[in-house]
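Inspection log for the structure reproduced underneath, given as structure tokens.
Source: prediction; values computed, not measured.
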Amino acid sequence: MVKLREKQKDFEKAKDTCYQIAEHIKTQAKHTERQIQKEFWDLHQFLRDEEAARIAALREEEEQKSQMMKEKIEKMSREISSLSDTIRAIEKEMEADDVTFLQNYKSTVERAQCTPQDPERVSGALINVAKHLGNLKFRVWEKMQEIVQYTPVTLDPNTAATLLILSEDLTSVRRGDERQQLPDNPERFDKYASVLGSEGFNSGTHCWDVEVGENTWWIVGVMRESVQRKGHYNSMSGLWYVYYKDGKYKACSTPQPYTLLTVKQKLQRIRVQLDWDRGELSFSDPDNNTHLHTLTHTFTERVFPYFNVACKLSPLRMLPVRASVKVEQHSKR
């Protein structure tokens, strides 16, 4: 009977958790929708600004070339008018009597021979349509790099401990003042202020930089997917990281003891390089290209970027990398 009552309590607790999750799903959906709308509004605004700038450039060229043609037309009109005056004068002199014609013959001949140069052929006068329309979508996409960033690691809010606050774009995490009301789903850490990256790796090489700034207590590394997130998991195998506290840097491969690291200059950023196939996890200082430590392990399952924040002074921020648009040329056969 006692076991049945305990089991009943377990089911009631699980039911309450399901209610929490159901409500949180609605909240997440609304919030995520607003963020999607905001991101697309920014993209739309970029496109509107780019469209306006390109049309303004077209209008400016139209105005300049129209003005140029207007000036040329006016110049030609003056030349035509001058020629008309000359022709009429010569015709009038030719209509005069023979004596008057002979008297003015020399000046008449000089006037007839004094013709202006041929009209200039106007080159480059038309709108440079190719400049405005050629590969237009590609050029806009290329310029979009100025506002678009790619971050190798984004954070998974469904794993974040309730003490942690993630940025809207999921690229930074800080320690809050109090716990948030979040569902106790299986993916979420409950004992430690930890969070995982949203994407795990089970092959290949991967690299990401983390800005630690003035944070005085942090952990950066990777965690095996199957490690349970509840309770004291730091004594279990499957967690590899660099740890900073009280001005000291340590590396650890749980459940092995810490290795004290010699770091000459306080880190502002730390680079994590994972070679899953070779079983290497390396840490370095990207500001001065200094290697800190390498942990080795034969990985057999997916691992996720792992972060822990125990200080409220400064967030941990995932740093973006430069994205580039590449044009692939056809190779010669």
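Taking the side chain as every heavy atom from C-beta outward, Phe299 and Asn202 never approach each other to under 4.5 Å. Side-chain atoms of Gln149 and Arg322, non-hydrogen and from C-beta on, never get closer than 4.5 Å to each other. Side chains of Lys38 and Glu168 form no contact here, defined as non-hydrogen atoms less than 4.5 Å apart. Between Glu187 and Arg229, some side-chain heavy-atom pair lies under the 4.5 Å cut-off. Under the 4.5 Å side-chain criterion, counting only non-hydrogen atoms from C-beta, Val222 is in contact with Leu281. Side-chain contact between Ser172 and Glu211: absent, with no pair of heavy atoms (C-beta onward) separated by less than 4.5 Å. Proximity of Met144 to Leu47: side-chain heavy atoms (C-beta onward) are separated by under 4.5 Å at one or more points. Taking the side chain as every heavy atom from C-beta outward, Pro320 and Thr151 approach each other to under 4.5 Å.
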Working for salt bridge (charged side-chain N to carboxylate O under 4.0 Å, His left out), residues Glu62 and Arg59
CA-CA 5 Å; Glu62 178 192 18; Arg59 295 288 180 247; 3.6 Å; yes
Practice problem: Decide yes or no on side chain to side chain contact (heavy atoms under 4.5 Å, CB included) for Arg54 and Val140, but give the supporting numbers first. | Solution: CA-CA 10 Å; Arg54 290 175 181 273; Val140 174; 3.7 Å; yes
* Hey, mind stepping through Leu261 and Lys250 against side chain to side chain contact (heavy atoms under 4.5 Å, CB included) and telling me if it holds? -> CA-CA 5 Å; Leu261 304 181; Lys250 301 175 183 179; 5.6 Å; no
**Asked** After noting the C-alpha distance and the side-chain angles of Phe283 and Leu295, does the key distance pass the side chain to side chain contact (heavy atoms under 4.5 Å, CB included) rule?
**Response** CA-CA 9 Å; Phe283 300 91; Leu295 296 169; 4.0 Å; yes
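With hydrogens and angles ignored, the 3.5 Å screen pairs a side-chain donor or acceptor of Thr254 with a backbone N or O of Met236. For Ser84 (side chain) and Ile80 (main-chain N/O), a donor-acceptor pair under 3.5 Å exists by modelled atom type. In this structure, Asn185 contributes its side chain and Ile21 its backbone to no donor-acceptor pair below 3.5 Å. Between the side chain of Thr171 and the backbone N or O of Ser167, no donor-acceptor pair lies under 3.5 Å. The closest donor-acceptor contact from the side chain of Thr154 to the backbone of Ser198 lies at 3.5 Å or more, if one exists at all.
Clustering ILVMFWY residues whenever any of their side-chain heavy atoms sit less than 4.5 angstrom apart, transitively, puts Leu163 in a cluster other than the one holding Val220. Residues Ile36 and Leu43 share a single hydrophobic cluster, defined by chaining ILVMFWY side chains whose heavy atoms lie under 4.5 Å apart. Two different hydrophobic clusters hold Val309 and Met223 under the rule that ILVMFWY side chains link at heavy-atom gaps under 4.5 Å. Under the 4.5 Å side-chain heavy-atom criterion for Ile, Leu, Val, Met, Phe, Trp and Tyr, Leu316 and Val272 are members of the same hydrophobic cluster. In terms of hydrophobic clustering, with Ile, Leu, Val, Met, Phe, Trp and Tyr side chains grouped at heavy-atom distances under 4.5 Å, Leu155 and Val212 are assigned to a common cluster.
Ion pairing between Glu33 and Lys30 fails under the 4.0 Å rule for side-chain N and carboxylate O.
Using a 3.5 Å distance cut-off with no hydrogens or angles, the side chains of Arg34 and Gln37 do not pair a donor with an acceptor. Side chains of Trp240 and Ser253: a donor-acceptor N/O pair is present below 3.5 angstrom, by distance only. The closest side-chain donor-acceptor pair between Asp49 and Gln45 falls under 3.5 angstrom.
Under the rule for a side-chain contact (heavy atoms from CB on, under 4.5 Å), the partners of Leu182 that lie at least two apart in sequence or sit in another chain are His24, Thr162, Gln180, Arg188. Applying the side-chain contact (heavy atoms from CB on, under 4.5 Å) rule to Tyr244 yields the partners Trp218, Tyr249, Lys266; only residues at least two apart in sequence or on another chain are considered. With sequence neighbours left out, Lys191 forms a side chain to side chain donor-acceptor pair (under 3.5 Å) with no residue at all.
Taking the six-membered ring where the residue is Trp, Tyr241 and Tyr243 present perpendicular rings, their angle passing 60° and hence far from 30°.
Counting only residues at least two apart or in different chains, salt bridge (charged side-chain N to carboxylate O under 4.0 Å, His left out) contacts with residues 140-163 comprise Glu50-Lys143, Arg139-Glu142. For residues 69-78, the salt bridge (charged side-chain N to carboxylate O under 4.0 Å, His left out) pairs, not counting sequence neighbours, are Lys72-Glu120. Applying the salt bridge (charged side-chain N to carboxylate O under 4.0 Å, His left out) rule to pairs touching residues 274-296 yields Arg269-Asp287, Arg278-Glu280, sequence neighbours excluded.
We find the CG-CZ distance between Leu313 and Arg174 to be 12.5 Å, quoted to the nearest 0.5 Å.
Pairing each heavy atom of Leu319 with each of Pro152, the nearest pair is O-CD, 3.6 Å.
With Phe201 as the partner, the side chain to side chain contact (heavy atoms under 4.5 Å, CB included) test is satisfied by one option alone out of His206, Glu225, Arg302: His206.
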